[in-house]
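Comments concern the structure below.
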Amino acid sequence: MISIDEQDRTYMTAAMQEAAVAESLAEVPIGAVVVKDGQIIGRGHNLRETGQDPTAHAEMIAIRQAAEQLGSWRLIDCSLYVTLEPCVMCMGAIILARIPQLIYACRDPKAGAVGSIYNLSTDERFNHQVQVREGVLHQECSNQLRDFFRRLREQKKEQKKSK
């Protein structure tokens, strides 16, 4: 089990709050925050269904917001907290934004690009590598996702019955 400090708990909790916003919109509950100098400068939650946009992942939204806040696409000296392991697209954005540190809660065995399927964070062919910590508030984030998908399956089952 990883040691979690108060800072990690605070920022991952903020990411979980973003995930809850996504869930309230019937989106998969994934949330992200970008932190610089102890301040959250970017927030994001999944909006793929809402906007019918395949790139509207929590990480992408938080990264865009942070870049706008800083007036720079280089997010040097920032950390990204996210409730689920980033996919290939999001890891590409993290690398391109030069984010030095990624902290995530749960692995994504179907699309994860930080160790589950691929590991882009340490690939030396890129001009930037990302320091990664996983498992911060793992159980809480895992429960949030599991409960969402359980309710979704139950809703689909009920819809089938009522037809």
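Hydrogens, waters and symmetry mates play no part in the numbers below; they use all other heavy atoms, side chains included.
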In Å and rounded to the nearest 0.5 Å, what is the [atom1] to [atom2] distance from [X] to [Y]?
X	Y	atom1	atom2	result
Thr83	Leu145	OG1	CG	6.0 Å
Cys106	Arg146	SG	CZ	10.0 Å
Cys87	Asp108	SG	CG	8.5 Å
Met89	His57	CE	NE2	3.5 Å
Lys36	Asp77	NZ	CG	4.5 Å

Check the hydrophobic clustering (I, L, V, M, F, W, Y; side-chain heavy atoms under 4.5 Å; chains of links allowed) and say if [X] and [Y] are grouped together.
X	Y	value
Val136	Ile30	no
Ile99	Tyr118	yes
Leu75	Leu96	no

Only counting residues at least two apart or in another chain, list the ones meeting salt bridge (charged side-chain N to carboxylate O under 4.0 Å, His left out) with Arg150. Asp147, Glu154
Sub-3.5 Å donor-acceptor pair from the side chain of [X] to the main-chain atoms of [Y], do we have one?
X	Y	answer
Asn46	Ala58	yes
Glu85	Ser116	yes
Glu27	Thr50	yes

Side chain to side chain contact (heavy atoms under 4.5 Å, CB included) with Ser121: which of Gln129, Gln131, Met91? Met91
Could you check Val88, Leu84, Val82 and say which one makes a side chain to side chain contact (heavy atoms under 4.5 Å, CB included) with Pro86? Val82
